[in-house]
Each structure stands twice: as structure tokens, then as C-alpha cells.
Amino acid sequence: MTHPILPHAFVMGHPIAHSRSPMLHGYWLEKLGITGTYEKIDIAPEALGEFFASFRETGWIGGNVTVPHKTAVIPYLSEIDADAKAIGAVNTIWRDGDRLLGGNTDAIGFIGNLDDRTPGWDIPGGHAVILGAGGAARAAIHGLLGRGQRVTIVNRTRQHAETLAAHFGSGVSVADWADLGSQLPSTDLLVNTTSCGMLAKPPLDVDISGLKQQAVVYDVVYVPLETGLLKMAAANGHRTVDGLGMLMHQATAGFHRWFGVTPTVTSELRTILENDIREKTPGA
Ligand code: ATR
């Protein structure tokens with residue numbers, strides 16, 4: 001496949017059929033009148049080397065990287081940015097002359113979504129409690145430390161939380177999953193980064209009745225749009241933030257790298273994505 005004329009970008013992952021990135025980048029390309037494309041490509045782990053070996057001939061200007069390739073792509077890149085180094089993963093690739101560079105915009109997306117939905121959330125020295133210790137937790141913690149927040153990681157497997165806390169150093173502590181309740185009265189921001197609550201996954205089994213009344217509750221999951229955690233939080237009077245905003249906000253920097261314009265996250269775009277999620281996942 002050759003792409004000699006138009007700027008072509010991609011999102012690559014495995015599986016990739018579910019990705020909503022083509023829908024959101026397609027919306028911006030059309031809105032901004034940019035002639036280019038953004039398409040999803042399914043790359044199995046064993047095909048990663050071949051993909052990068054033929055990158056130049058295919059004419060890609062860059063793209064997004066998703067599960068399971070976010071760390072595996074790093075050896076194929078000439079350089080990665082400071083955010084990608086801190087998070088240990090790449091979600092955006094672009095060309096710089098002959099070089100292929102990588103970055104990570106997940107922390108920017110995580111924080112941009114909070115700024116957008118709950119302005120004033122970042123009280124100086126605020127206390128964020130992160131549920132989970134995987135890749136999404138890494139991005140969230142990196143973003144929160146950058147905004148002067150104190151972080152406690154609470155994870156089912158304590159050792160994973162300890163490893164993550166050691167990676168980030170001061171400003172990050174660990175508490176046992178069973179002790180979540182003792183953290184909640186001093187929590188300003190509670191974030192779910194586990195896979196619990198996602199469609200076809202077990203629900204998140206936590207009691208948030210002791211959570212500080214002013215606390216914001218954030219779930220990085222966006223299918224369903226309103227997870228059990230967010231329903232419970234809203235019923236208790238908390239401000240809530242869902243993962244769809246993070247998806248939209250992490251995408252703007254990549255679009256700028258490839259197409260030269262920073263697009264805007266609009267309520268119209270959100271509605272388009274919401275409708276698609278509801279249509280394809282009844283009950284979401
Ligand atoms: P991602 O990279 O997308 O964040 P991940 O690395 O698979 O995903 O991380 C999943 C997180 O969800 C982990 O923190 C995991 O906890 P463990 O470290 O104990 O595995 C957490 N998780 C998954 N299922 C869970 C469950 N049923 N209860 C609590 N936490 C769960």
C-alpha cells in the first residue's frame with residue numbers, strides 16, 4: 001500500500017476494531033477542511049518489526065499506538081519525549097525528517113479532561129487516590145504530579161503499587177486495597193484506572209460513602225459512559241468525570257503533530273462519540 005499524496009495517519013493496535021480514534025480524527029479533518037486520512041490498522045505483536053521496516057515506503061506521517069504495543073514500539077523509535085519516558089509508554093508517533101519520534105499524550109489528556117469538566121479541581125497540594133497500578137495509572141500519576149498533587153496508589157496487588165510508587169519517587173505513597181476507606185475522608189480526587197466497571201469486566205467493588213464531600217470522582221473507563229462508580233458518586237453528590245473526555249483530549253496533540261493544526265474538543269464531537277457508544281453497546 002503506498003500513500004504518495006495525502007497525509008495519512010493511523011491508530012495501530014491488536015485488536016483495533018473497537019477504536020473510536022478514527023471517528024474523532026475524521027471529525028476534525030472534516031471540520032477543519034484538511035485533506036488527509038486517519039485509519040485503524042490491526043498489527044499483531046509478531047508483525048511489529050515488519051510494520052516499522054516498511055514505514056517509510058507506506059508514507060505514513062505518524063499515528064497513535066494502543067494496546068498491546070505502547071511499550072513494544074519504543075525500540076523502533078529514534079527518540080521518545082519526557083512524558084513517554086516518565087510513563088514508560090508511547091501513544092503517539094510522528095516523523096522528524098528521517099527520524100521517527102514518539103511521545104505520550106495520555107497524561108495531557110487525563111488532565112485536560114479534568115480542567116475541562118471540573119475547573120478548579122487542582123487545589124494546591126490536593127490528595128489524589130488512584131485505584132489501579134497499570135498503564136492508565138502511570139499516565140494519571142504523571143499528570144497529577146505535574147499539577148502539584150499528592151498521590152496515593154491503592155491496588156489489589158500491593159506489590160504493583162509499590163513498584164509504581166518507587167518509579168515516581170516522592171509525592172507518591174501506597175495504601176492497601178482493604179484500607180481504601182481510611183483514605184477517603186482526605187481524598188480530593190478519586191480515580192479508577194482499573195479495568196473494573198468496563199463492559200464485560202467485573203464491577204468495581206468499593207464503598208465510597210466515606211469520601212470527602214467536595215471530592216471529584218474520575219473513571220477512565222468510557223464504555224459504558226456512566227460506570228457503577230460514577231453512578232454511585234453522582235448519587236452521593238460528587239462531581240464526576242468520565243473517560244471519554246480523556247480519549248478526546250489525548251488526541252489533540254497528535255493531530256497537531258501530523259496535520260499542523262490543534263483541533264478543539266467540542267460538545268458536538270462528544271455527542272457523536274456518545275451516540276456511537278450507545279448505539280453499539282446497548283445499556284451503555
Ligand atoms: P492498563 O494498562 O490499561 O491500565 P493493566 O495494566 O491490565 O491495564 O491494569 C489493570 C489494573 O486493574 C491493575 O491495577 C489490576 O490490579 P492488579 O495489579 O492487582 O492486577 C486492576 N484490576 C484488574 N482486575 C481487578 C479486580 N477484579 N479488582 C481490582 N483490581 C483489578
Side-chain angles (χ1 to χ4, degrees), residues 9 11 13 18-32 34 38 40 62-67 70 81-84 86-87 89-94 102-122 126 128 130 132 134-149 151 189-193 198 216-227 230 239-277:
V11 55
H18 65 283
S19 174
R20 289 190 167 83
S21 291
M23 187 172 275
L24 74 90
H25 286 286
Y27 167 86
W28 284 328
L29 285 169
E30 194 190 324
K31 276 276 157 190
L32 293 163
I34 295 172
Y38 181 102
K40 52 189 165 195
N64 285 124
V65 180
T66 188
V67 178
K70 285 182 160 189
D81 72 9
D83 289 329
I87 298 169
V90 160
N91 79 337
T92 306
I93 290 175
W94 66 95
N104 195 313
T105 65
D106 283 336
I108 297 168
F110 177 86
I111 296 291
N113 189 27
L114 270 172
D115 285 341
D116 189 17
R117 308 298 281 192
T118 51
W121 66 273
D122 55 338
I130 308 292
R138 275 178 171 253
I141 295 166
H142 177 56
L144 290 166
L145 292 176
R147 292 292 282 267
Q149 305 296 293
V151 174
L189 173 66
L190 177 67
V191 186
N192 175 45
T193 70
M198 224 179 257
V216 170
V217 179
Y218 191 155
D219 202 327
V220 303
V221 170
Y222 61 89
V223 182
L225 287 158
E226 196 180 31
T227 60
L230 294 188
R239 290 184 294 164
T240 62
V241 182
D242 64 35
L244 186 57
M246 180 172 169
L247 176 75
M248 295 188 290
H249 283 277
Q250 63 77 31
T252 60
F255 191 94
H256 179 259
R257 291 268 187 213
W258 312 313
F259 303 113
V261 185
T262 300
T264 312
V265 172
T266 60
S267 54
E268 183 186 45
L269 172 60
R270 189 182 162 92
T271 302
I272 291 169
L273 294 170
E274 275 187 6
N275 288 345
D276 185 65
I277 291 169

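Just the heavy atoms: all of them, side chains too, but no hydrogens, waters or symmetry mates, feed the values below.
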Asker: Ignoring hydrogens and geometry, is there a side-chain-to-backbone donor-acceptor pair from Trp94 to Gly103 under 3.5 Å?
Answerer: no
Asker: Ignoring hydrogens and angles, tell me if any N or O in the side chain of Thr266 forms a donor-acceptor pair with the backbone of Leu269 under 3.5 Å.
Answerer: yes
Asker: Using the side-chain contact (heavy atoms from CB on, under 4.5 Å) rule, take Met198 and Thr227 through it: C-alpha gap first, then chi angles, then the decisive distance, then the call.
Answerer: CA-CA 7 Å; Met198 224 179 257; Thr227 60; over 6 Å; no
Asker: Find out whether Asp276 and Arg20 are in side-chain contact, i.e. whether some heavy atom of one side chain is under 4.5 Å from a heavy atom of the other.
Answerer: yes
Asker: To the nearest 0.5 Å, what is the distance between CG on Leu247 and CG on Leu273?
Answerer: 6.5 Å
Asker: side-chain contact (heavy atoms from CB on, under 4.5 Å) between Asn192 and Val221: does it pass, once the steps are laid out?
Answerer: CA-CA 8 Å; Asn192 175 45; Val221 170; 4.1 Å; yes
Asker: Flag the pair Val90 / Asn104 as yes when at least one side-chain heavy-atom distance between them is below 4.5 Å, and no otherwise.
Answerer: no
Asker: Measure across Ala107 and His142 and return the closest heavy-atom pair with its distance rounded to 0.1 Å.
Answerer: CB-CD2, 3.8 Å
Asker: Check whether any side-chain heavy atom of Thr118 lies under 4.5 Å from a side-chain heavy atom of Val241, and answer yes or no.
Answerer: yes
Asker: CZ of Arg270 to CG of Asp116: how many Å apart, nearest 0.5 Å?
Answerer: 9.0 Å
Asker: Please report the C-alpha distance between Leu144 and Leu189 in whole Å, then the side-chain angles of each, then the deciding distance to 0.1 Å, and finally whether the side-chain contact (heavy atoms from CB on, under 4.5 Å) criterion is met.
Answerer: CA-CA 10 Å; Leu144 290 166; Leu189 173 66; 3.6 Å; yes
Asker: Answer yes or no: is there a side-chain heavy-atom contact under 4.5 Å between Val265 and Trp28?
Answerer: yes
Asker: Kindly compute the distance separating CD (Glu268) from NZ (Lys31), expressed to the nearest 0.5 Å.
Answerer: 4.0 Å
Asker: Does the pair Asn91 and Thr105 meet the rule for a side-chain hydrogen bond (donor to acceptor under 3.5 Å, both in side chains), with working shown?
Answerer: CA-CA 7 Å; Asn91 79 337; Thr105 65; 3.0 Å; yes
Asker: Working to the nearest 0.5 angstrom, can you tell me the gap between His256 NE2 and Thr92 OG1?
Answerer: 13.0 Å
Asker: If you compare all heavy atoms of Ile277 against all heavy atoms of Leu225, which two are closest, and at what distance to 0.1 Å?
Answerer: CD1-CD2, 3.9 Å
Asker: Using every non-hydrogen atom in the two residues, find where Tyr222 and Gly243 come nearest and quote the distance to one decimal.
Answerer: CB-C, 3.7 Å
Asker: Would you name the heavy atoms of Trp258 and Ile93 that are closest together and state the gap between them?
Answerer: NE1-O, 2.9 Å
Asker: Holding to side-chain hydrogen bond (donor to acceptor under 3.5 Å, both in side chains), I want the full list of residues that pass it with Arg147, two or more places apart in sequence or in another chain.
Answerer: Asp115, Asp122
Asker: Would you compute the distance between atom CG of Leu244 and atom CD of Glu226 and round it to the nearest 0.5 angstrom?
Answerer: 13.0 Å
Asker: Is the shortest distance from a Lys or Arg side-chain nitrogen in Asp106 or Lys70 to a carboxylate oxygen in the other one below 4.0 Å?
Answerer: yes
Asker: NE2 of His25 to CD1 of Ile34: how many Å apart, nearest 0.5 Å?
Answerer: 11.5 Å
Asker: Please evaluate residues Leu32 and Phe255 with respect to the criterion side-chain contact (heavy atoms from CB on, under 4.5 Å), reporting the C-alpha separation (whole Å), side-chain torsions for both, the decisive distance (0.1 Å), and the verdict.
Answerer: CA-CA 11 Å; Leu32 293 163; Phe255 191 94; 3.7 Å; yes
Asker: Go through the structure and list residues passing ring-ring contact (aromatic ring centres under 6.0 Å, His included) with Tyr27, not counting sequence neighbours.
Answerer: none
Asker: Show the nearest heavy-atom pair for residues Ala251 and Leu24, with the distance to one decimal.
Answerer: CB-CD1, 3.3 Å
Asker: Return the set of residues passing ring-ring contact (aromatic ring centres under 6.0 Å, His included) with Phe110 (not counting sequence neighbours), or none when no residue passes.
Answerer: Tyr218
Asker: Restricting to non-hydrogen atoms, name the atom on Val220 and the atom on Ala136 that form the minimum distance, rounded to 0.1 Å.
Answerer: CG2-CB, 4.3 Å
Asker: Can you tell me if Trp121 uses its side chain to pair, donor with acceptor, with the backbone of Val216 under 3.5 Å?
Answerer: no
